Amino acid sequence: MYDPKLLAARFPGDFTFGVATAAFQIEGASRADGRKPSIWDAFCNMPGRVYNRQNGDVACDHYNRLDEDLDLIKSMGVKAYRFSIAWPRIIPDGTGPVNEAGLDFYDRLVDGCKARGIKTFATLYHWDLPLTLMGDGGWTARSTAYAYQRYAQTVMRRLGDRLDSVATFNEPWCIVWLSHLYGIHAPGERNMQAALYAMHTMNLAHGLAVEAVRSEAPNVPVGLVLNAMSVIPGSQSEADLAAGERAHQFHNGAFFDPVFKGEYPPEFVAALGDRMPMVEDGDLKIISQKLDWWGLNYYTPLRVGDDPARSGDFPWTLEAPRVSDVKTDIGWEVYAPGLKNVVEDLYRRYELPECYITENGACYNMGIVNAEVDDQPRLDYYSDHLAVVADLIKDGYPMRGYFAWSLMDNFEWAEGYKMRFGLVHVDYETQVRTVKKSGKWYRELASQFPKGNHKTT
Ligand code: FCB
C-alpha cells in the first residue's frame, strides 16, 4: 500500500480525482415524480435474472437523500462526481412528453455540486432504457437511436450551461454483448443477430448524441466511456496471438473502430457482416466525429487462447488461465498491469483524445465491525492501480482524471446488493452510510488536489 501523500506527488496538480455512481444503482424512488419503468425494472422482476430477484425500487434511496449524499461526496475530498441521468425520468416512454419533474431532480443535483465546488461529469446512458421502447425492439431498432438523440438534446438544453463534461454511453460492450448476446444484463437477449443490430444502433446513437450535445451545449466536452478489454493472449504461440487479435476486434474493435476510425473491423465484418444490419450512407461519418475525451473503465484483464475447434461464432477464443491468483469477492482477477497494457495497446492502435479513468475499483463484501469497515484489499487495489496510472502519465499518456467505482455500495446489476464496490458502506436496512478504510485513504489522496504544481515527477 502506498502512502497517499507520496502517491499524490506522482500526479499533476490539475489531475481530477472523483467518485462515480449510476442512476439505477443508487437512486431508488422508481415510481417518483413521473418516472416510468426501464428495462432493468422489468428484468429484476423476471425469475432467475437478478440475485434474489432484488430490484432498484429503493436502492440507496439517493433520490430522497440527495443533499446528504452530496455532502458525503464533498467530505471525501474529491473534486468531481460522475453520475448518470435516467432517461425514464426525463422522457418516461422513451419518446413523447418530457417530464419536467425528472429534469428538476438533475437540476438540483448539478446545482448542489456547483454549490459545493464539485465538477459534474454526467453520463447520459448507464443502461436504463425506457421499457416502452422495447415494444419497438429496444436497441435492436434503429428508431431507438433517434429517440436517444432527442433525449440527449432535451437533457443538454436544460443542464448544458452547468455541466463540466458529458459522456454519451457507459460501456457499449455491456449494452451490446453482455445484454444481447450473453443474456446476463437486461434485456437478457442471447442472439448474435440481435446483438449486432444493437451494436450498430448504439454506435449510431452515440454519434447522433454527439451532434445533439454540440448543437445545444458546444462548450461541454463530450466523450464516450468504454470498458475496453485488456486482452492478454495465453501464450506467445501464433495461434494464441491471432486469437488475441480477434478478441480485440470483437470486444473492443466493434466500438473503437467505428468511433475512432470510421469503419468496422475487417475480420469481424468478414465473419459476422452478413448478420449485421444495413449500415446506411453517412452513418459512419456521424459515428466517427472527433471526441473531446474518452473514458476507460478497467477492473480485470481478459486472458484468451485460440479455440482450434472454431466452435460457435467469431472470435473463436477460449479462456486462458489466470496469472494472478488474487481475486476480488466477485471473482475477478486482480492484475494492475492489465490497465497499463490496455492503455498502451489502444493508443498504439487509435488516435485517441485525452483519457479519464472513469471507473476502477474492487468488490469486497466485508461489513462493519466496531463501527469500522476494514477493507484493506480494496485499498491495496486502488493503490496499485493508481500507481499504474501515475506510470502512464510518466510515460506521456494524456491521463487527466480518475473516478473510483464507487462512491458507495449499490445495486450491482445481476448480482443485486450482494456485491459491494463502495468506498462507503451502505446499510440497506437503515440507509446509514459509513466511510470504509479505503474511503478514508482515498480522501487523503484526493484532498491533495488541485494543487499548484502541474508537473509530474
Ligand atoms: C461496470 C459498470 C458499473 C458497475 C461496475 C462494477 O461494468 O459500469 O455500473 O456495475 O462495473
Side-chain angles (χ1 to χ4, degrees), residues 18-28 38-41 43-44 49-51 54-56 59-60 62 81-87 121-129 166-186 202 206 223-230 251-252 255 294-302 327-335 338-339 342 356-365 375 377-378 381-382 385 402-426 436 438:
V19 287
T21 65
F24 192 78
Q25 295 180 274
I26 64 165
E27 285 178 0
S38 71
I39 54 173
W40 268 96
D41 296 87
F43 198 64
C44 293
R49 300 298 202 164
V50 172
Y51 173 74
Q54 291 170 338
N55 62 46
C60 305
H62 170 71
Y81 177 42
R82 174 175 180 252
F83 60 96
S84 82
I85 294 173
W87 185 352
F121 283 62
T123 301
L124 291 171
Y125 186 82
H126 201 129
W127 309 351
D128 39 4
L129 184 73
V166 68
T168 55
F169 283 93
N170 178 71
E171 301 191 347
W173 184 93
C174 291
I175 297 165
V176 173
W177 304 136
L178 195 63
S179 307
H180 293 84
L181 182 63
Y182 306 139
I184 310 286
H185 277 189
M202 200 231 65
H206 159 75
L224 171 64
V225 169
L226 297 127
N227 57 323
M229 296 293 145
S230 178
H251 296 289
N252 299 334
F255 313 106
W294 72 289
L296 172 64
N297 293 355
Y298 174 80
Y299 292 92
T300 189
L302 182 72
K327 54 183 169 75
T328 62
D329 286 350
I330 202 170
W332 300 352
E333 177 185 352
V334 176
Y335 188 66
L339 174 54
V342 67
Y356 287 79
I357 302 296
T358 30
E359 284 180 32
N360 178 232
C363 173
Y364 289 104
N365 297 328
D375 60 341
R378 177 179 287 106
Y381 182 100
Y382 276 117
H385 287 75
Y402 178 98
F403 292 82
W405 183 273
S406 176
L407 165 66
M408 56 185 160
D409 296 336
N410 57 48
F411 176 77
E412 180 44 40
W413 309 111
E415 306 289 343
Y417 296 96
K418 187 175 56 167
M419 296 298 171
R420 294 174 178 266
F421 277 88
L423 290 169
V424 176
H425 178 273
V426 176
K436 301 177 189 178
S438 60

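These values consider heavy atoms only, across backbone and side chains, with no hydrogens, waters or symmetry-generated copies. Indexing begins at 1, ligand by ligand and atom by atom, following the structure's order. Small disclaimer: the values here were computed from a predicted structure and weren't measured.
A salt bridge links R82 with E359; the closest basic N to acidic carboxylate O contact falls under 4.0 Å. Salt bridge absent: D409 and K418 never bring a charged side-chain N and a carboxylate O closer than 4.0 Å.
The shortest heavy-atom contact between L339 and Y298 is N-CZ, 3.5 Å.
Ring geometry, F411 versus W413: the interplanar angle exceeds 60°, so the pair is classed perpendicular (tilted spans 30 to 60°). Note on ring orientation: taking the six-membered ring where Trp is involved, the planes of Y182 and W173 are tilted (angle from 30° to 60°).
Remark: the backbone N or O of M202 is not paired with any side-chain donor or acceptor of H206 at under 3.5 angstrom.
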Which pairs of nitrogen or oxygen atoms, taken one from ligand 1 and one from the protein, are under 3.5 angstrom apart?
residue  : atom   : partner : partner atom : Å
ligand 1 : 7 (O)  : E171    : OE1          : 2.6
ligand 1 : 7 (O)  : E171    : OE2          : 3.0
ligand 1 : 8 (O)  : H126    : NE2          : 3.3
ligand 1 : 8 (O)  : N170    : ND2          : 3.0
ligand 1 : 8 (O)  : E171    : OE1          : 3.3
ligand 1 : 8 (O)  : E171    : OE2          : 3.2
ligand 1 : 8 (O)  : E359    : OE1          : 3.1
ligand 1 : 8 (O)  : E359    : OE2          : 3.0
ligand 1 : 9 (O)  : Q25     : OE1          : 2.7
ligand 1 : 9 (O)  : H126    : NE2          : 2.8
ligand 1 : 9 (O)  : W413    : NE1          : 3.0
ligand 1 : 10 (O) : Q25     : NE2          : 3.4
ligand 1 : 10 (O) : E412    : OE1          : 2.8
ligand 1 : 10 (O) : E412    : OE2          : 3.2
ligand 1 : 10 (O) : W413    : NE1          : 3.0

